[in-house]
Amino acid sequence: MLSRRKFFSGAGLAVAAGAVAKSALAALPEIVSTDSAVMQPPLMPPNGRPYHAVATLNGWTLPWRMRGGVKEFHLVAEPVIREIAPGMRAHLWGYNGQSPGPTIEVVEGDRVRIFVTNRLPEHTSIHWHGQRLPNGMDGVAGLNQPSIKPGQTYVYEFAAQRAGTFMYHPHADETTQMAMGMMGFWVTHSRDLKFMPVDRDYVFLLNAYDISPGSYTPKVSTMLDFNLWTFNSRAFPGTAPMVARLGERVRVRVGNLTMTNHPIHLHGHEFVVVGTDGGWTSPASRWPEVTTDIAVGQMRAIEFTAAAPGDWAFHCHKSHHTMNAKSPGAANTIGVEQDDLARQITSLVPGYMSSGGAMSNMQMNMPLPENTLPMMTGSGPYGDMEMGGMFTVMKIRANLAHGDYRDPGWYQAPAGSVAYAWEGEPPPAERGGGSAPAAPETAPFKVRKPSASREH
Ligand SMILES: [Cu+2]
């Protein structure tokens, strides 16, 4: 359940709400909001066409009001506090109490009306990324509509024409507002309950922030050099696990609203890309993969059968995206005695954090600035995981009930099925063929000088 509901909370609005007639209040759907980053179970549709609800990683689905056959939602753009992971909170902008905003779920053919109230200190708008809709509902401020000024509420109305995976985000002062966390997921379900059914349907957005160690608010002038890589504005170990029962069909839908691409990788299973930005892929077009690259502005839906029990890593394969903020330009200190060095540097550069070898040891000896996550962190049943950022775990269990989304804890591997330390003596090193090949006296290939005429 949602942790709290706000009915026009906020000092100024509370006065205004008291001054207007009940009939006027009834015209706007109630504002449902949460301050929690805890993953909510799927929201079963209380009315309208039935569908198989999705589960939003560290997020929730926005309830609606059915009015005259139209699904009415109320989004509020506002400053929020997001716990990125235990030990770090970010001052972001989002919707209905959190960043990202709540997931919106509708069914193909639904008539939808979305009220958007702006409680930000600047203008905004919402673009419904990927939707077929009337041009005036596309949400590009200045092009399709005037911007929504602070304090104003705008109404968007359209029919959800195409089933698939979508996002929403501002199309006004976009670099600022997306760097501050304004975005949300949208799923339009098929009218046909038998169309590509799955047992679990997880959704989340890829987002990135530039928050200096020791501070709370993202730098919004950053274009590429972000230092915090997140799944739904959560960094590992703050990311919830995705869970599945052995044998279940699992779908994961990912949208990328960062400024770079992310090769998303699942361990222990092959998956197929069943959906893109433009809809479902044809079965003949699919091929098995274990990593799929998701470019900027793209959405991908992947599917696999949970065939093997265990705790399977699920992460972006750019290794600097599975760590938290680090000091840029740090040297490789592999082979350097770290302890004494760190002490000496810290006396010169307060807050210094090294990069390179032995980072975990280093961190243990270094005090972190307040509100700062360790660069490589998280612990599992066997010790330190040294991960951060865009990382979570797909937990597959034989004894999990259908529809149970609770964290089942760490996997208890059967005896004899875990990598183990060799206890005996290592064999002597031998080189094949007896002697090492002699080094050539001269380079075995010709070096051609670059020719100016061949350069383009
Ligand atoms: Cu990445």
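In each ligand, atom 1 is the first atom listed, and ligand 1 is the first ligand listed. Computed from a predicted model, the values in this text were never measured in an experiment.
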Novice: What residues, two or more places apart in sequence or in another chain, satisfy salt bridge (Lys or Arg N to Asp or Glu O under 4.0 Å) together with Asp404?
Specialist: Arg406
Novice: Do the side chains of Glu108 and Arg191 get close enough for a salt bridge, i.e. N-O under 4.0 angstrom?
Specialist: no
Novice: Is any side-chain heavy atom of His169 closer than 4.5 Å to a side-chain heavy atom of Glu174?
Specialist: yes
Novice: Under 2.8 Å from the Cu ion (ligand 1), which protein atoms of type N, O or S occur, listed by chain and number?
Specialist: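 Protein N/O/S atoms under 2.8 Å of the Cu ion (ligand 1): His262 ND1, Cys316 SG, His321 ND1.
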Novice: Can you list the residues that meet the salt bridge (Lys or Arg N to Asp or Glu O under 4.0 Å) rule with Glu303, with sequence neighbours excluded?
Specialist: Arg249, Arg251
Novice: Exactly one of His321, His320, His267, His262 should register a ring pair (Phe, Tyr, Trp, His ring centres under 6.0 Å) with His315. Which one does?
Specialist: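 Exactly one pass, corresponding to His267.
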Novice: Hey, could you give me each pair passing ring pair (Phe, Tyr, Trp, His ring centres under 6.0 Å) that has a residue in residues 367-386? Not counting sequence neighbours.
Specialist: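 Ring pair (Phe, Tyr, Trp, His ring centres under 6.0 Å) check on residues 367-386 returns no pairs.
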